[in-house]
Amino acid sequence: MKRVGVIGGGQLAWMMAGAAKKLGVELVVQTPSLDDPAVPISAKDNVFAPIHDANATDELAKRSDVITFENEFVDIEALSKLAQQGVCFRPKLEALAPLLDKYHQRCYLRDLGLPVPQFIAIEQEWNTTAEIICTSQFGFPAVLKARRHGYDGQGTFIIQEIEDLKQKLELQTTKRVGSQSNFLLEEFIPFERELAVIAARSVSGEVVTYSVVETQQEEQVCRRVIAPADISLDVTFEIENIAHTLLNSLEAVGVFGIELFLTGGGKVLVNEVAPRTHNSGHFSIDACETSQFEQHLRAVCSMQLGNTTMICPGTVMVNLLGYEISQNDYIIKRQQIEQIPQAHVHWYGKTESRPGRKLGHVTVLLDTQNRSVAMAIARNIEYIWYPNST
Ligand code: ADP
């Protein structure tokens, strides 16, 4: 495999560049805009089109040996026609299909016997089943999610009372979050920690996992990742088993990110699966023998998987999120953060900052697994980065 076509040209594709060079692979991306992060690092014959445009993917296929995804918001039905004509997708479309709709994904995980929060689908604008279930079974708060096209908390709402739920459903139905008005309603999990694991599966069926990490979200958006998570061996083992079961069942090829809840009672529940490289695995670029991006390319190019071991005892990754509308490149702040010992700043080169937009991240390698040390460093980075942080 010499040329990998990537559907999506955002930061996840951009972060494949170093690995592609190392492995002697060329990337060509399908992405809407010339300004997207991965455009400067990929081939000159990129395809400039929205990622759900299957005609554009047909074009991408002519320019590449295999096609992979940095973004899963694709038109599976249209892509299936290309697969029938012999286009090679990795992961294959059948491995993506059960995951793209949050309700279908939940059903798939439950049917596999994996632990998930209780959930129901709401098919219409409003229905009394939702009210009954929410009131009698889930209680409040409950969580309402748009079934498709949610990311970084867009389309996920914590609902405090029945009036809230009615209002949100009516509002979201009018706005049509995503391409349809269907929702998933689920119990609120009063988790003690949120965890995640990156797993990869090769063409020959080998599965490897990275260290389980702790992720910290604010307003449903990932702010920090601490690796490894401070959890028991039993919990680690259970999560590794979940990853193996899932990737084998999907016959996945490539890297998948799995987000989980850990309750106060030590129960693990799967929240969400992403069929691609994931924010919770960015620490692997600087802190592991093989980054998740190299691993993904290895898998989709039929190479042997690399070693996932960490090269330091611990690490903390902090997302640099936009907090204003601006074209500032924040060079002074970035330089200040780079002064922190063992800090590696990754800047995605986006042309515009907007509140909540992921502009970059920083990973700090630690000589300890002490969570308080990791948190203190994260606070320091955020103090430098955000204008009003204390
Ligand atoms: P997205 O696809 O936008 O990332 P998620 O479903 O992962 O949306 O939800 C984002 C965040 O919202 C989670 O990381 C978690 O903090 C919170 N959340 C989601 N579902 C629940 C739930 N059932 N109980 C408690 N918190 C939840």
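Every number for a ligand or one of its atoms is a count from 1 in the order of the listing.
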* Structure fact -> Judged by heavy atoms only, the candidate from Thr215, Val116, Thr156 nearest atom 9 (O) of ligand 1 is Thr156

* Does the separation of the ring centres of Phe119 and Tyr103 fall below 6.0 angstrom? -> yes

* Structure fact -> The atoms of ligand 1 lying under 4.0 Å from a heavy atom of Glu186, numbered in the order shown, are 20 (N), 21 (C), 22 (C), 23 (N)

* Would you please say whether a donor-acceptor pair under 3.5 Å links the side chains of Gln217 and Glu194? => yes

* **Per-atom contacts of ligand 1 with Gln220, taking only distances under 4.0 Å to non-hydrogen atoms** => 10 (C), 11 (C), 12 (O)

* In terms of the angle between their ring planes, are His346 and His361 parallel, tilted or perpendicular, with boundaries placed at 30° and 60°? -> parallel

* With a 4.5 Å limit on heavy-atom distance, are the side chains of Phe69 and Arg90 in contact? -> no

* Asked: Can you tell which of Glu187, Glu272, His149, Lys145 gets a heavy atom nearest to atom 6 (O) of ligand 1?
  -> Lys145

* Structure fact -> Taking only non-hydrogen atoms of Glu194 and a 4.0 Å limit, the atoms of ligand 1 in range are 13 (C), 14 (O), 15 (C), 16 (O)

* Structure fact -> Those residues at least two apart in sequence (or on a different chain) that pass ring-ring contact (aromatic ring centres under 6.0 Å, His included) with His296 are none

* Side-chain donor-acceptor contact under 3.5 Å, Ser232 with Asp234 -> no

* Using a strict cut-off of 4.0 Å, indicate which atoms of ligand 1 neighbour a heavy atom of Glu259. => 7 (O)

* Structure fact -> Of Phe157, Phe188, Phe261, the residue with the heavy atom nearest atom 27 (C) of ligand 1 is Phe261

* Close-contact set for ligand 1 against Lys102 heavy atoms, below 4.0 Å -> 1 (P), 2 (O), 5 (P), 6 (O), 8 (O)

* Protein contact of atom 24 (N) of ligand 1 - nearest heavy atom, named by residue and atom, plus distance -> Ile189 N, 2.8 Å

* Asked: Is there at least one pair of N or O atoms, one from Val143 and one from ligand 1, spaced under 3.5 Å apart?
  -> no

* Asked: With atoms numbered from 1 as shown, which atoms in ligand 1 lie under 4.0 angstrom from a non-hydrogen atom of Gln217?
  -> 14 (O), 16 (O)

* Asked: Nearest to atom 26 (N) of ligand 1, what protein heavy atom do you find, and at what distance?
  -> Phe191 CE2, 3.6 Å

* With no hydrogens and no angle check, is any side-chain donor or acceptor of Arg357 less than 3.5 Å from a backbone partner on Glu352? -> yes

* Linked hydrophobic residues, Ile381 as query - side chain contacts closer than 4.5 Å -> Val221, Ile226, Val316, Val318, Leu320, Leu321, Tyr323, Tyr330, Ile337, Ile340, Val345, Trp347, Leu359, Val362, Val364, Leu366, Val373, Met375, Ile377, Ile384, Trp385, Tyr386

